[in-house]
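Accompanying notes for the structure given below.
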Protein chains: 2
Amino acid sequence: MRSYDEYCAVAKSLDLVGDRWTLLVVRELSQRGAARYTDIRNGLPGVATNLLADRLRDLEAAGLVAREEAPPPVATTLFRLTPRGEGLRPVLDELMRWGLPLMVEQKPEDAVRSHWLAGAVEVMVSDRDPDGDPVTLELRIADEPIAIAARNGETKVTLGPAGDPDAALVGPERPILGLLFGVVDRTGAEAMGVTLEGDPKVIDRFAAEAAAAA
Amino acid sequence: MRSYDEYCAVAKSLDLVGDRWTLLVVRELSQRGAARYTDIRNGLPGVATNLLADRLRDLEAAGLVAREEAPPPVATTLFRLTPRGEGLRPVLDELMRWGLPLMVEQKPEDAVRSHWLAGAVEVMVSDRDPDGDPVTLELRIADEPIAIAARNGETKVTLGPAGDPDAALVGPERPILGLLFGVVDRTGAEAMGVTLEGDPKVIDRFAAEAAAAA
DNA sequence: CAGCATCCGCTTTGATACTG
DNA sequence: CAGTATCAAAGCGGATGCTG
């Protein structure tokens, strides 16, 4: 991208990460840690393969991404954020927070990946009963389940199946997120195809009070 | 901009503000409040006028900017962020924080505006002596002076001349920022063309301890 | 198969000129 | 002042081909 040629911190940031796809590449690496080219590509449906190669080169030149040759058994190139690249996490978090209300709209052509949703869940849910027993909720959603655990007022969101969850939500992602974020109640979510397995009270442990989603 | 077509909060945010120039338009409105087309343009040197018109239209359509017809004596169109647009402030702040280390480099072709620098100063300085008497420092810099006031541990950064400042820094912006941000000391800044008027102790009141600027 | 590079048509951007 | 009009150049998207 052509530089803005402004002596301004925001403009200089955008000189480095303002290109199309660039911040999404950072999002992928931030979520995945070390990742292969092909995995990154899978997390960015629609990206032209030459563009991804370009962006990775640019990010490497800017010192935000490092490439390492993994020895066998991996035997391939791994891409990883440098500490400076990790520093973009707060930017991504704020962008995500700001964009959450936009997720009430889901276009038919929107691709879905569980690891994208995990970030949204992470910033939105909290343990509403810190004194309660530890519980685990599994979301069976998109391409991979998401496990949400509450324990002593702390929540932990992880990709992959939860071992022996207390409850599970199965169905389309939009009403499941809507239920967790408090924009729809349980009967409403069920009407939209969500099935609850296990203990219904677990939902209330996580569900936020109605967030003002535009 | 073409949509990323991802059901992801970050991608949906970028669908709205990821276009070239868009976030800088928001930066201008965030800093200035209501502004005329010409003023915005002046804060975005190098923007093509048709692009600015496009961006303002897009932002209006997205509900982030409102346009109001001001009655005489202004008698012109004013652009202003909506509350939803103001919500991008944390995103801009984090981008600015992340970009601050990049300002150790200033290209000869970089344009400079005081209101860009004011934001950087605002996130960087703090009152290091909350029990001290109120003091005011003026930066005579770029196109407009910047006033920094400390009082009871609070700092306030405003555009425009300070009334009767206790000290003033005059000279090129890079070493002045470097001095305030702690990447260069006073003799170093003076060697780079900075002149100090008034009480030298005022500088220490604001100057951060050496920030780890890359 | 993973990790690109090349080619080509299309869209977006930049620079300048012009207008109500 | 607040834009629109025009056009060349750059960037992007999609397909395909190459290389270890």
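Lettering of chains follows the sequences in order, A, B, ..., and the numbering in each one begins at 1.
- When rounded to the nearest whole Å, the span between CG of B:Asp54 and P of D:dG3 equals 11 Å.
- With A:Tyr37 as the partner, the side-chain hydrogen bond (donor to acceptor under 3.5 Å, both in side chains) test is satisfied by one option alone out of A:Thr49, A:Thr76, A:Thr77: A:Thr49.
- Protein atom CG of B:Leu78 is 15 Å distant from nucleotide atom C1' of D:dG3, rounded to whole Å.
- Proximity of B:Tyr7 to A:Arg174: side-chain heavy atoms (C-beta onward) are separated by under 4.5 Å at one or more points.
- Chain B approaches DNA chain C within less than 4.0 angstrom (heavy atoms of the protein), and the contacting nucleotides run 5' to 3' from C:dT13 to C:dA17.
- Between its opening and closing five pairs, the helix from C:dC1-D:dG20 to C:dG20-D:dC1 changes axis direction by 30°, a value rounded to 10 degrees.
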Inset, instruction - Take nucleotides 5-17 of chain D nucleotide by nucleotide from the 5' end and write B, S or -, depending on whether a protein heavy atom sits under 4.0 Å from the base, only from the sugar-phosphate, or from neither. - result: BB-----SBB-B-
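- Using the six-membered ring where Trp is involved, A:Tyr4 and B:Trp21 have ring planes that are perpendicular, over 60° apart on the 30 and 60° scheme.
- When the shell of 6.0 Å around CZ of A:Arg151 is examined, it contains 12 or fewer heavy atoms from other residues, nucleotides or ligands.
- Around NZ of A:Lys107, the count of heavy atoms belonging to other residues, nucleotides or ligands within 6.0 Å exceeds 12.
- Taking 4.0 Å as the cut-off between side-chain N and carboxylate O, A:Glu86 and A:Arg80 do not count as a salt-bridged pair.
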Inset, instruction - Verify salt bridge (charged side-chain N to carboxylate O under 4.0 Å, His left out) between B:Arg2 and B:Asp15, making sure each step is shown before the conclusion. - result: CA-CA 7 Å; B:Arg2 160 100 83 99; B:Asp15 279 349; over 6 Å; no
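- Geometrically, B:Arg89 does not engage A:Trp98 in a cation-pi contact defined by less than 6.0 Å to the ring centre and at most 45° from the axis.
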Inset, instruction - Could you walk me through whether B:Glu6 and A:Arg113 pass the salt bridge (charged side-chain N to carboxylate O under 4.0 Å, His left out) test, one step at a time? - result: CA-CA 8 Å; B:Glu6 293 187 2; A:Arg113 295 289 185 278; over 6 Å; no
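- Inter-residue side-chain proximity for B:Leu29 and B:Ile40 is flagged as met; some heavy-atom pair is nearer than 4.5 Å.
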